[in-house]
Every structure is written in structure tokens, then in C-alpha cells.
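Here the structure comes first, spelled out in C-alpha cells, and everything after it is commentary.
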Number of protein chains: 2
Amino acid sequence: MSTLGYALLCTLHRGPLTGYDIVRRMRKPIGYYWTAQQSQIYPELARLSAAGLIEHEADAGPGPRQRKTHRLTDAGREALAAWLVEPPAPRAPRDEAVLKTYALAAADPERMRGFYLAEAEAYQRRLDDFRAQHADLLSRDADNPPRRADDPRHPQFGAYATLELALASFPARIAWYRWLAEKMTDLGRLRNTPTDPPTP
Amino acid sequence: MSTLGYALLCTLHRGPLTGYDIVRRMRKPIGYYWTAQQSQIYPELARLSAAGLIEHEADAGPGPRQRKTHRLTDAGREALAAWLVEPPAPRAPRDEAVLKTYALAAADPERMRGFYLAEAEAYQRRLDDFRAQHADLLSRDADNPPRRADDPRHPQFGAYATLELALASFPARIAWYRWLAEKMTDLGRLRNTPTDPPTP
DNA sequence: CGCTGCATGTAACTCGTTACATGATTAA
DNA sequence: TTAATCATGTAACGAGTTACATGCAGCG
């Protein structure tokens, strides 16, 4: 079983969905930490079906094919529960912005400053988006059941918790970009002055 | 040109290296945010050579083949400088721990608590390692040139800056894991009490 | 005498991305 | 009428992983 398979079981843990629904879920909010292409999803759903972890009922869809609504089987729910508590396999980190920073000495400081400011802004926009989603989750059904999404018994607590991480880690990243932008300004200034103070 | 190609140019930006040297660099410290398998590196070096971005001199190696020491050409240095200031292509995020958190409602709270505590410890160990590297970089040649690695003119400033990000963002992650572990404890307690307080 | 480190490469495979293909309904 | 949304699938390619293969030098 691939991680993608488990990711699909994860999207189905709160109720049945069509493949198309899953494609959309792979964007917001789950898409911020796990993504899959639509071309990966349909074959993987077929594999999960063959393994007996999901099942579907089909009705007439809008196009030439049937629409299938998938749900977890008992076996699927068990497989998911077992996987959730296992330590995650270490993944190779790929962070282009940090890679570029490693080789920063090879770049023009003024242009690099522009790079960092642009990145800071992009992350700020994403942070604003997360904050809006966070507030939205907390306000929704705030009174109907006497529980909010920050209560671990709330069915949306998992989604809420993922937003909490983003809200805690994005500001650190933005501050890092701004710090680097400042350092680039310093570099431009320092380059026009004698490199080393004369030794006495 | 693939990102891997630029990653190799990045490792060469401070001086010539053999393929084997690059394999090792792809672990510490650069390996914390960009990794490549040894089987990827050798063919990519050949491609970069063919494109004229690097060149090498060969001498008798220990094994049956020649040892090649690669360096950036002027064209390679220019290509690197141009790439560094370009906005990074958006990458699909894959974070298994966060994915698992999304589907947390399907897990056993007590076992999930163990998962979060184990993750917190693993990240704490990596943070300690980063802190040691950070201190090491700052103490090295602290007097010889009157500059430390936190001076943007220092050749190691790039490597230093990448560690700064880790030092700023890992604590947020560890705190998040600990917060979730606590929530899992709460869940265990709350489950044994009436689900909803009686409405008056 | 076997293990680790140095050093370079290839082969087979899996995972992920881009692009193609079909077709109904609804909104601009 | 043109585009977007719903809905499901396949094909070709590229990137990344695991495993294989060779062979010298030095250490315990």
C-alpha cells in the first residue's frame, strides 16, 4: 500500500465521496500538505476497491460514464486506524527557497533582496488565507452542538489542528525571509566600504 | 534544466568537488532541505558537463574508474546566478504527519498520543543537532578574518542562514506535537464522561 | 580476513506530472 | 457560443528510489 492510498482513505474518513470530490479536497485544506493529481486518484481508487478497503455505489453520471460514490469498508477503516499511529517514513525534503539560500553567495544581493521580499509576500497571502479558514472553522456551528472545532471531540478537529500548525509555522518563515532581505541590504552597503578594517 | 541540476550547481558554488563529495554534501547540512540519490547525481553531472555548465579534471581514482573533480564554468556560474533570483516553482507539499492529523478522528486517542510524543522527540533530537551545527559555524574562524558566519560577507553565510530557519521553525513544530499529545489525553478523559452537558 | 570509506557508474522500478479524451449541464 | 463545472478515465514522460556492480586502500 502506497501513501497515496492512505491519503485517499484519509479523505474518505468523514464520509463517502466521489473521485471528483476527492480531487477537489486535495486542494483545500488538505491540499496544503498532501496533493495528488486527478490522474493518480482514479487508478488508486480502483486498487483500493480491489483490496477491499473501499466500496462504491454507482449511478448515472453527467458524462458518458457512471458516477461512483466511494466509502470506507470496515477493513478500510481498520487499515487507516493502524496506519495513523505508525511513525511516518522519513521523506526527502525539497525546499527550493532554502536551497537557493545555501548558494546565496553566488547571487546578486539586490536582486536576491527582491526574491526574499516576494517570497515573504506570497507566504503572507497564504497565511491570511489560513487565518480566514481557521476563523471560519471556529465560528461554524459554534452553538448547535455545544462544541467548537478546537474541541478534540469535534469531527472537524483534525482539519482545525492542521491549520494550527500553519498558523504557528508560517510567521517564522516570513520573519526569516524579511531577515534575509535586510541582510541583502546590508551586503549592498558593506560592499561599497573597505572589506576589512585595517589591522593595527 | 531540472531543479536537481541547479542543486548540483549550488553544491559546487564554493569550489570544486568530486561526485562522491556531492553525495555526502547531500546529507549535512544541505541534505536537510534538498536530497539526491547517488544514482541521480552521476548522470546529472554528465548532463551538466554536456551543457557546458561544469567541467572536470580527471586523475587516477582508487577504483577501476577515473576520479573526476568538477567545477563551475563561467556559463555555469551565470546560469546559477540567474536561477537563484527567480521565484521558486510551487511544489506539492507532502507531510505525512499532518495528513495523519487530518484523519485523526479515525485513530485511537491513546495510541495517537504515543505517535505525537515520538514525533516530538524525533524533532527535538534533530533540533539539538541543528543547534550544535549552528554554534559550530559561529565559533569557527571567529577571529582570523574579523567576520563570523552571521556576517553576510562570510562565505558560509548561506549555510548559516539555512540553519537559522530550522532553529526558528522546529520549535513551533515540536510545540504543535506536544499540544496534540495533550489533546489526545483530554479526549481519553472526555470519552469516559457524558458526551454533552444536559441542556437546561 | 572481513569491514568501512573512497569512487564511479547502470538497471529496474515506482511515483508523480502533463496532456489527452469524452460528454452532459449551467452560467456569462 | 464559449467557457466553466461535474465526472471518469488513459498514455507518455520525467523524477526519484532501490538495488546491483566494480575495485583499491586502510583499519582492527
Side-chain angles (χ1 to χ4, degrees), chain A residues 1-8 11-12 16-28 30-31 33-51 54 56-70 88-96 99, chain B residues 1-8 11-12 16-28 30-31 33-51 54 56-70 88-96 99:
Chain A
M1 265 286 283
S2 65
T3 310
L4 172 64
Y6 288 111
L8 298 191
T11 62
L12 291 171
L17 295 171
T18 66
Y20 191 80
D21 287 330
I22 297 178
V23 171
R24 277 181 307 178
R25 297 282 161 113
M26 284 300 197
R27 293 193 237 278
K28 249 192 194 182
I30 188 177
Y33 48 86
W34 202 273
T35 326
Q37 238 48 40
Q38 162 252 38
S39 62
Q40 281 183 281
I41 289 171
Y42 289 103
E44 188 66 34
L45 284 171
R47 259 171 259 143
L48 292 171
S49 251
I54 61 174
H56 64 260
E57 55 187 298
D59 55 56
R65 295 192 186 89
Q66 289 189 303
R67 187 176 65 165
K68 298 172 183 171
T69 304
H70 305 271
R91 267 177 192 266
R94 312 252 144 141
D95 193 321
E96 219 176 288
L99 172 62
Chain B
M1 265 286 284
S2 66
T3 310
L4 173 64
Y6 288 111
L8 298 190
T11 63
L12 291 172
L17 295 172
T18 67
Y20 191 79
D21 287 330
I22 296 177
V23 170
R24 279 182 308 179
R25 297 282 162 113
M26 282 303 194
R27 292 192 239 278
K28 246 190 195 186
I30 189 177
Y33 49 82
W34 201 273
T35 325
Q37 238 47 41
Q38 162 253 39
S39 62
Q40 280 183 283
I41 289 172
Y42 289 104
E44 187 66 35
L45 284 171
R47 258 171 263 142
L48 291 172
S49 252
I54 61 173
H56 64 260
E57 56 187 295
D59 55 58
R65 293 193 186 87
Q66 289 189 304
R67 185 176 67 164
K68 298 173 184 170
T69 305
H70 305 270
R91 269 182 189 264
R94 311 251 146 145
D95 193 320
E96 218 175 290
L99 173 62

Provide, to the nearest angstrom, the distance between the CZ atom belonging to B/R94 and the P atom belonging to C/dT14. 18 Å
How many angstroms lie between OH in B/Y20 and CD in B/Q38, if you round to the nearest 0.5 Å? 9.0 Å
Once you round to the nearest 0.5 Å, how far does CD of A/E44 lie from OG of A/S2? 4.0 Å
Has the side chain of B/Q40 got a donor or acceptor atom that lies under 3.5 Å from a matching backbone atom of B/Q37? yes
How close do B/I22 and B/L12 get, heavy atom to heavy atom, and via which atoms? CD1-CD2, 4.1 Å
Calculate the interatomic distance between B/E96 atom CD and C/dC15 atom P; express it in whole Å. 13 Å
Output yes when a side-chain donor or acceptor of B/R94 lies under 3.5 Å from a complementary backbone atom of A/T35, and no otherwise. yes
What is the nucleic acid contact for B/A36, judged by heavy atoms within less than 4.0 Å: base, sugar-phosphate only, or nothing? nothing
Write out a two-atom table: protein N or O, nucleotide N or O from nucleotides 4-9 of chain C, distance below 3.5 Å.
residue, atom, partner, partner atom, Å
C/dC6, OP1, B/R24, NH1, 3.3
C/dC6, OP2, B/Y20, OH, 3.4
C/dA7, OP1, B/R67, NH1, 2.4
C/dT8, OP1, B/K68, N, 3.1
C/dT8, OP1, B/K68, O, 3.3
C/dT8, OP2, B/G19, N, 3.3
C/dT8, OP2, B/Y20, N, 2.7
C/dT8, OP2, B/Y42, OH, 2.9
C/dT8, O2, B/R65, NH1, 2.4
C/dT8, O4, B/Q38, NE2, 2.9
C/dG9, OP1, B/K68, NZ, 2.8
C/dG9, O6, B/Q38, OE1, 3.3
C/dG9, O6, B/Q38, NE2, 3.3

Grab the CD-C1' distance between A/Q40 and C/dA19 for me, whole Å please. 15 Å
Whole Å only: how far is the CZ atom of B/R47 from the P atom of D/dG16? 10 Å
Show, in sequence, the C-alpha distance, side-chain angles and deciding distance for B/T3 and B/R91, and conclude whether the side chain to side chain donor-acceptor pair (under 3.5 Å) test is met. CA-CA 11 Å; B/T3 310; B/R91 269 182 189 264; 3.1 Å; yes
What is the distance from CG of A/L48 to C1' of D/dT8, rounded to the nearest Å? 16 Å
Could you state the atom-to-atom distance from CG of B/L45 to C1' of C/dT10 in whole Å? 15 Å
In whole angstrom, what separates B/Q37's CD from C/dC13's P? 18 Å
Roughly, in whole Å, what's the span from CD1 in A/I41 to P in C/dG16? 11 Å
